[in-house]
Every structure is written in C-alpha cells, then in structure tokens.
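The next block holds one structure in the form of structure tokens; read it before the comments.
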Amino acid sequence: MDRSFELYERMGLSREVCAYGERTLERIAGRFADIDKIAEYNQAKVLYAMQKNKVSAGCFAATTGYGYDDVGRDCLERVYADVFHTEAALVRPQITCGTHALTVALSANLLPGDELLSPVGLPYDTLQEVIGIRPSPCSLAEYGVTYRQVDLLPGGAFDYEGIQAAINEKTKLITIQRSKGYATRPTFSVSQIGELIAFCKSVKPDVIVMVDNCYGEFVEMIEPSDVGADMVVGSLIKNPGGGLAPIGGYICGTRHCVDRCAYRLSAPGLGQEVGANLGLMPALYQGFFLSPTVVAGAEKGAIFAANLYEPLGFKCFPNASESRHDIIQAVELGSQEAMVAFCKGIQAAAPVDAYVDPIPGDMPGYDAQVIMAAGAFVQGSTMELSADGPIRAPYAVYFQGGLTWAHAKLGILMSLQKMVDAGLVSL
Ligand SMILES: *Cc1c(COP(=O)(O)O)cnc(C)c1O
C-alpha cells in the first residue's frame, strides 16, 4: 500500500481517502475470499470445456466470406455449450449486442398468435421496443405476438398466483431478466430463478423459458441453464467477453431453440453453417477464458463501493452486506453535484480518456439528462470500469465493471476523492 500510495498521491488521492479505503477493505476481506472461490470454480469450468473441445491454435485463424466449416467458430460454440451445460450454443460477432441476442431469441421462438410472458415485471429498457410495449416498427407486437406481464409483489417476491392466472393456451415463451438493470428491484439469484422456472413448467410443461443473463454470468457457480432455462442469452461486451471481445452476443440452450435462433440470425436453411469469424476468435476465446476472474474483480469493486459509501450515509443497492447476483452497484448520491463528482472520479481513473470531464447531456429515450463516465478500450463497454445514471431523484449512479480489481479500487477511491474535494462528504 505504501508504494502504491506514493503514486496514488501523484494521481490526486489524499492519504485520508486511502486510509478510509484500507479500513473498509479490512472489513470485507472474508467476502473477497468467497468471490475468489467462485472464480476458481468458474475458471476450472471454462478451462475444462476448452480442453475437452481440444481448442488449438487452428481455432484462432481468421475466416472471411461465407465462413463455411469455420473450425474456430464451431469449437467456441461447443465450449460455450459445455460451460452453460446446454445442448447447443450460438456465439457470434454477427450478434451486435445483448439486445440483438435477446431479439433473435425471442423472434425465432415466437410466432404470430403466440404470447410472451414476463413474470418479473417490466423488462430492460431496450427490450420494451423489441416487444412492442413501446410501439416500434418491426416489434413483436407488429408481427402478432402478444405480451403479458406480471409484476413482482411489493416486497419483491414472485406473484405466483398472478403468474398462474397469466399463463394460458397462447403462452409460448416466458422471459426472466436476472439482473435488475435500471430498476430498483433486487437481482435474482440463480436458485430463485430455478424456483420460478419450476413453477412455470408445473403450470405449463412445454413452455419455453428464456433468461436474460446480462451481467450475471460467472457471478455464481451455476447459471440459469443449470436450473431449467431453455435459453440463456447475453452480451459479449459484458461478462463473458472478459473485456477482450470487441463485439458479440450468445444464446445457449436446447438444440431446438438454438437452431431456430440460427435460422433467424442468418436465414432459414443456412443457420449456423454461415458467418465468418473475421479474425475475432482470439479475443472471443481469450475473453471467455479471462471472464471468471474479470467478473470477480468487478464484483469486488461493487462490494467495495457499497461498503465505502453506505457508512457515509448513501443508500446502496445492493446494500453493503447483501449477497450478489450480478456486478451492478447503485449508489443514491442525492444530488446532481454528487453524481457529477462521482463520475469525474471514475473518469479520472480510466486508462483511456482520463483527461476529459463527464457532464450531463441529453440522450434519446430518456426523460432526464444522463451522465456517463467511461474510459474504455472497447467503446461503450460496461465490463470496463464505468458509471452512469439519469439526473433525477434519487440521483443514483449505476456503477459497474473494472477489468482488474486494482483498477476498480482506484476508480472508486477517486470517486470518493472528488466528492470530498467538492465538499460533499467529509470522512
Ligand atoms: C445490458 C443489458 C441488456 C442489453 O444489452 P446491450 O448489449 O446493451 O444491448 C439487456 N438486459 C439487461 C439486463 C442488460 O443489463
């Protein structure tokens, strides 16, 4: 710490903030040890899948054009399928982001006349247009897919009675979002998701269950596909890309569901056979390999932030002692000034664009101005240390990522320093 401190001081951190950080760390050492155990298990899981599928240098070769017989791409999909314990996987740079992956999974498995059910309340912002909750050209609603939603009970529990009543002869697919996203409900544990899936399947055995797994991968030792999900879907710009994947999304699930997704993504009849890898295989393999430890570092950062800020009087979601099921940390800062100071600190600690100051600005689709701090190698990557939030009550920043724990720690300390410098907190 002393050697680090000399440098930290030159970077603008005070001895006071650093000492407060060290005292905080002492309190949470036990939790870090638990995270390391999960990371160790998930590392072995990925490693075993790579060995079993005989990943070799040949898998890293670039392909172009149609991409027929793309050995590296096909092998990576087998690795993903083995890690998620599914029959099949679609892992492609042609899937541009998480929203796209979810859109493919939904539109491939829902036909006109079918109904989609969300038993966990309103889905993530971008999916609302996909479904047609907010009207949009090419939404599922336009294609004759209806949508039903059952909200969580006031305490955050599943409304089993409501869900039973909502499932009907048209219900074809049930979507469960694991992470809270920008909502205030808690993130679900995999075992909670498993209970919900078991209930839905007891009401309607042939219903397809899809889990939006964004931000949840490798936070626990099991994934939703281990507890009955027919499809798990996510973005490679988040957890499973390990910070190295420059683009991509994945869908792991039953052969039947994944085949349909491949036909929807490329074309009926072509499916998984086409789709050149464009030289991205090294990053996708290596990113997946690193993901368990990158996720562990990000989770440590989230826990550190909650334990740093909560004693200072700021509400944290999850709170300082709660168990974690994703890598997102929300901190209610209570004012615009505090949000700006926090984000300045995160930006000032970045490896890229550290010299710029984030300021609130207008964003399409938001009713308030939004502030964002990110100095990332991969544009917009929230696997890298980043913070953002809408400038409105309760003035909460959503903080996530960090490719290494050391960087996450520095960024969070820097956010606190900027708050102290602005006279918004005293230690
Ligand atoms: C990020 C996210 C998405 C969408 O992913 P993008 O890559 O931003 O399109 C969907 N659902 C959840 C819960 C997310 O966190």
Side-chain angles (χ1 to χ4, degrees), residues 90-107 116 118-131 133-134 136 138-140 149 152 174-190 192-193 209-220 223-224 229 231-252 265 284 287 291 295 298-299 302 317-318 324-330 363-366 370 372 374 376 378-384 386-390 396-401:
L90 186 65
V91 186
R92 301 284 166 131
Q94 285 81 11
I95 301 178
T96 55
C97 60
T99 305
H100 187 197
L102 290 156
T103 303
V104 168
L106 290 172
S107 49
L116 168 67
S118 170
V120 296
L122 200 60
Y124 192 77
D125 303 59
T126 55
L127 282 181
Q128 294 171 18
E129 276 159 291
V130 172
I131 295 166
I133 301 169
R134 281 187 278 126
S136 169
C138 298
S139 69
L140 290 170
Q149 177 179 315
L152 297 170
I174 291 179
T175 178
I176 300 171
Q177 184 180 312
R178 177 173 175 180
S179 171
K180 64 179 169 300
Y182 291 119
T184 48
R185 67 157 168 93
T187 289
F188 305 125
S189 69
V190 174
Q192 280 176 304
I193 290 172
V209 177
M210 177 189 89
V211 174
D212 173 352
N213 209 23
C214 284
Y215 285 132
E217 298 92 350
F218 297 133
V219 173
E220 298 186 39
E223 299 291 338
M231 285 187 286
V232 287
V233 184
S235 164
L236 302 196
I237 314 298
K238 294 177 179 170
N239 303 16
L244 293 186
I247 191 169
Y250 77 89
I251 301 168
C252 295
L265 179 67
L284 266 54
S291 175
V295 168
E299 208 190 341
F317 302 96
R324 307 259 155 178
H325 309 291
D326 67 13
I327 60 166
I328 314 288
Q329 180 63 52
M363 282 265 295
Y366 284 87
V370 174
M372 288 190 170
V378 173
Q379 229 186 75
S381 168
T382 46
M383 193 61 236
E384 301 185 45
S386 50
D388 53 81
V397 287
Y398 294 82
F399 157 84
Q400 67 270 312

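We count ligands from 1, going down the list as the structure has it; atoms in each ligand are counted the same way. Note that this is a predicted model, so its numbers are computed, not measured.
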Open item on the list: Regarding ligand 1, does Lys238 bring an N or O atom to under 3.5 Å of one of the ligand's N or O atoms?
Closed with: yes
Open item on the list: Can you tell me which portion of Asp212 lies within the under-4.0 Å heavy-atom range of ligand 1? Options are side chain, backbone, both, or neither.
Closed with: side chain
Task: N/O donor-acceptor pair under 3.5 Å between Gln329 side chain and Pro318 backbone - done: yes
Task: Ile131 side chain reached by Pro123 side chain, heavy atoms, under 4.5 Å - done: yes
- [ ] Using distance alone, decide if ligand 1 has a nitrogen or oxygen within less than 3.5 Å of any nitrogen or oxygen in Ser179.
- [x] no
Task: Closest approach of any protein heavy atom to atom 4 (C) of ligand 1, naming residue and atom - done: Thr99 OG1, 3.4 Å
Open item on the list: Using side-chain heavy atoms (C-beta onward) and a distance below 4.5 Å, is Tyr250 in contact with Val232?
Closed with: yes
Open item on the list: With a 4.0 Å cut-off on heavy atoms, is Ile237 in contact with ligand 1?
Closed with: no
- [ ] Please verify whether a non-hydrogen atom of Leu102 lies at under 4.0 Å from ligand 1.
- [x] yes
TODO: Return yes if some donor-acceptor pair links the side-chain N/O of Arg134 with the main-chain N/O of Asp125 below 3.5 Å, else return no.
DONE: yes
Task: Ser235 contact mode with ligand 1 (heavy-atom cut-off under 4.0 Å) - done: side chain
TODO: Considering the heavy atoms of Gly98, write down every atom of ligand 1 situated less than 4.0 Å from one of them.
DONE: 5 (O), 6 (P), 7 (O), 9 (O)
Open item on the list: Does any part of the side chain of Leu236, heavy atoms only, come nearer than 4.5 Å to the side chain of Val91, both counted from C-beta?
Closed with: yes
- [ ] Specify side chain, backbone, both or neither for Gln177, according to which of its non-hydrogen atoms lie closer than 4.0 Å to ligand 1.
- [x] side chain
Open item on the list: Donor-acceptor check, side chain of Thr187 to backbone of Lys180, threshold 3.5 angstrom: yes or no?
Closed with: yes
Task: Contact atoms of ligand 1, heavy-atom distance to Tyr215 under 4.0 Å - done: 15 (O)
- [ ] Side-chain contact test, heavy atoms from C-beta onward, threshold under 4.5 Å: evaluate it for Leu102 versus Thr126 and give yes or no.
- [x] no
